[in-house]
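The shown structure was predicted, so the numbers you read here are calculated from the model rather than taken from an experiment. Quick note on labels: first sequence line is chain A, next is B, and so on, each numbered from 1.
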Number of protein chains: 2
Amino acid sequence: MTGKEPEPMVADHEAGPLPASPDDVGAGNITRLPLTSQVATIIRDMIIQDIFKPGERIRERQLSEELNVSRTPLREALKILEGEKLIELLPNRGAIVADPAPREVLELLQVLGALEALGGRLAAEKATDAEISEIRALHFEMLAAYSRKDQLTYFKLNQKIHTSIIAASRNKSLIETHRHFNARLYRVRYRSNQRNAKWHEAIDQHEGFITALEARDGELLARRMADHLSDTWVKVSLDDYPVQPEKPR
Amino acid sequence: MTGKEPEPMVADHEAGPLPASPDDVGAGNITRLPLTSQVATIIRDMIIQDIFKPGERIRERQLSEELNVSRTPLREALKILEGEKLIELLPNRGAIVADPAPREVLELLQVLGALEALGGRLAAEKATDAEISEIRALHFEMLAAYSRKDQLTYFKLNQKIHTSIIAASRNKSLIETHRHFNARLYRVRYRSNQRNAKWHEAIDQHEGFITALEARDGELLARRMADHLSDTWVKVSLDDYPVQPEKPR
DNA sequence: TTATTCCATATGGCATGCAAAAACTTTATG
DNA sequence: CATAAAGTTTTTGCATGCCATATGGAATAA
């Protein structure tokens, strides 16, 4: 039936993608994952990297042809992504890429703040000295990127510091939930980073994380991490939403 | 594989299923939901009500025949439930009902505690007086059930107080995430409730919630809700895991 | 007896096709 | 010209069937 040559898995959507999420490091999986999982990963990356724009519609038939898979695994992948809130699935009307309203971004940041606070509290208790040293090292690398005004590296290291602290909490559910929320907010945080030249504030705050962590003061670290995300909201709202309309009921 | 006997863990008390989750308040949806969603709801309820036991395997063909649907929507439903962590989907080896190890239960309770703490903090700020009154009313109802030693009603009202406080936070993402974690822990909390005659402790703690809420002291409420769940862990671990072995595989 | 290989069967993974619903176009009508 | 109605195309929802992999047990060898 198919006389066609295998086409590239990723469609020719143009536009500059966002940097890939930092947690796709362990990609060297040799076991053959089901197509559904592979497709989910591809679409997830396309969303996170902004190849699929927020609000954009995802057409099953079209995308399945571009990816050279049938609609069955694609549809299953979409169900997974819906659970991760990266897309919205409207009955009989297909999928659109999630496009959280400002109000929702604030709410997401509040939850992410609570998660990071817990992560900080646990990390202060459970992190190994090696982990703390590594986080300190990442911080210095971030300072280097700061000096070079290398926004992209700065952003990636910034993210990695956050995820490293969460990882040090040793709480799997927390780590995974944090990853999900972070993915939903990835775009927002990237743009917030891009548009704000006041990096030194964030740097000071990260410095605060590390001193609290090194002192193993969980409460202090928790508070500082939560406050840090509140600042993210301020920046986001100033950048993208100069006027904040309350959502009408 | 594991020679795990399907030994009913709460068999002696009641062979019947757990009470349904309290959040089936779903508005009268007139639109015909896709089969996939309906199937997901059915299976979710069966898991929460303990009709499907933890660790039990879910066979696609068999279940699809029992539900009179094809495997396609059933498989899509399983993907959804996997995202909610109610089942585990092993590549090429099908689905099994989630069966969190004690360690994982502790971790889940930590996250749930952080979520409830945030919920309490926000609720103290945003709850209407009517909502607070209603929560107080639920508390009195719970006291009534306590006097009658009506465990089931007590448990349901207990849950409803928690979800009502979270709902008062007005944070949709928080509400939904809380619902998911609560579902994953529903069984645990139910058994913890069933086995512990020391209800008065929980009652005192709930009383503490409400006074903090009425005083609109967010920090106090947050702390009390988090501590409450720590106690749940103590009860769970004492009841079910007198010795805590690592999960055998 | 214990371990190993092999085969039959069951089960999950995926492609395809049809039907129903939604979206889009065209035509009719005030 | 705007609006409504009807028809056409596209898209999603679901069932079915084939194939690859996993599973369980018998036969075989150590």
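At whole-Å resolution of the value, CG in B:Leu90 and C1' in C:dT11 are 13 Å apart. Taking atom CG of residue B:Asn92 and atom C1' of nucleotide D:dT21, one finds them 6 Å apart after rounding to whole Å. Spacing between atom CG of A:Leu33 and atom P of C:dG12 amounts to 17 Å, rounded to whole angstrom units. Between the CD atom of B:Gln38 and the C1' atom of D:dG13 there is a distance of 12 Å, given to the nearest Å. Per the geometry, CG belonging to A:Asn68 stands 14 Å off P belonging to C:dC14, to the nearest Å. Distance CG (A:Leu78) to C1' (D:dC14): 16 Å, rounded to an integer number of Å.
Distance check, rounded to the nearest 0.5 Å: CD of A:Glu104 to OG of B:Ser173 gives 5.0 Å. Distance check, rounded to the nearest 0.5 Å: CD1 of A:Ile42 to CD of A:Glu66 gives 11.5 Å.
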Polar atom pairs between nucleotides 5-7 of chain C and protein, under 3.5 Å, N or O only, would you list them?
none

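For B:Arg93, a side-chain nitrogen or oxygen approaches OP1 or OP2 of D:dT23 to under 4.0 Å. Neither OP1 nor OP2 of D:dG13 sits under 4.0 Å from any side-chain N or O of B:Thr36.
A heavy-atom distance below 4.0 Å to DNA chain C is reached by these residues of residues 70-77 of chain A, ordered by number: A:Ser70, A:Arg71, A:Thr72, A:Pro73. For the contact set between residues 56-67 of chain B and DNA chain C, defined by any heavy atom under 4.0 Å, the members are B:Arg57, B:Ile58, B:Arg59, B:Glu60, B:Arg61.
In this structure, B:Leu229 and B:Arg189 approach most closely via the heavy-atom pair CD2-NH2, 3.6 Å.
One finds a salt bridge joining A:Glu76 and B:Arg75 here, because a Lys/Arg side-chain nitrogen approaches an Asp/Glu carboxylate oxygen to under 4.0 Å. Ionic pairing of A:Lys85 and B:Glu176 is present here: one or more N-O contacts between side-chain nitrogen and carboxylate oxygen are shorter than 4.0 angstrom. Ion pairing of B:Arg121 with B:Glu125 is absent here, as no side-chain N (NZ or NE/NH1/NH2) approaches a carboxylate O to less than 4.0 Å. In this structure, A:Glu65 does not pair ionically with A:Arg61, as no charged nitrogen and carboxylate oxygen lie closer than 4.0 Å.
Screening residues 156-185 of chain A for ring-ring contact (aromatic ring centres under 6.0 Å, His included) gives A:His162-A:His206, A:His162-A:Phe209, A:His162-A:His228 as the qualifying pairs, with residues at least two apart or on separate chains.
Within a 6.0 Å sphere centred on CD of A:Glu134, heavy atoms belonging to other residues, nucleotides or ligands number more than 12.
Sequence order on DNA chain D of the closest nucleotides to B:Pro34 and B:Pro91 puts B:Pro34 first from the 5' end.
With sequence neighbours excluded, no residue forms a side-chain hydrogen bond (donor to acceptor under 3.5 Å, both in side chains) with A:Arg93. For A:Arg59, there are no side-chain hydrogen bond (donor to acceptor under 3.5 Å, both in side chains) partners two or more places apart in sequence or in a different chain.
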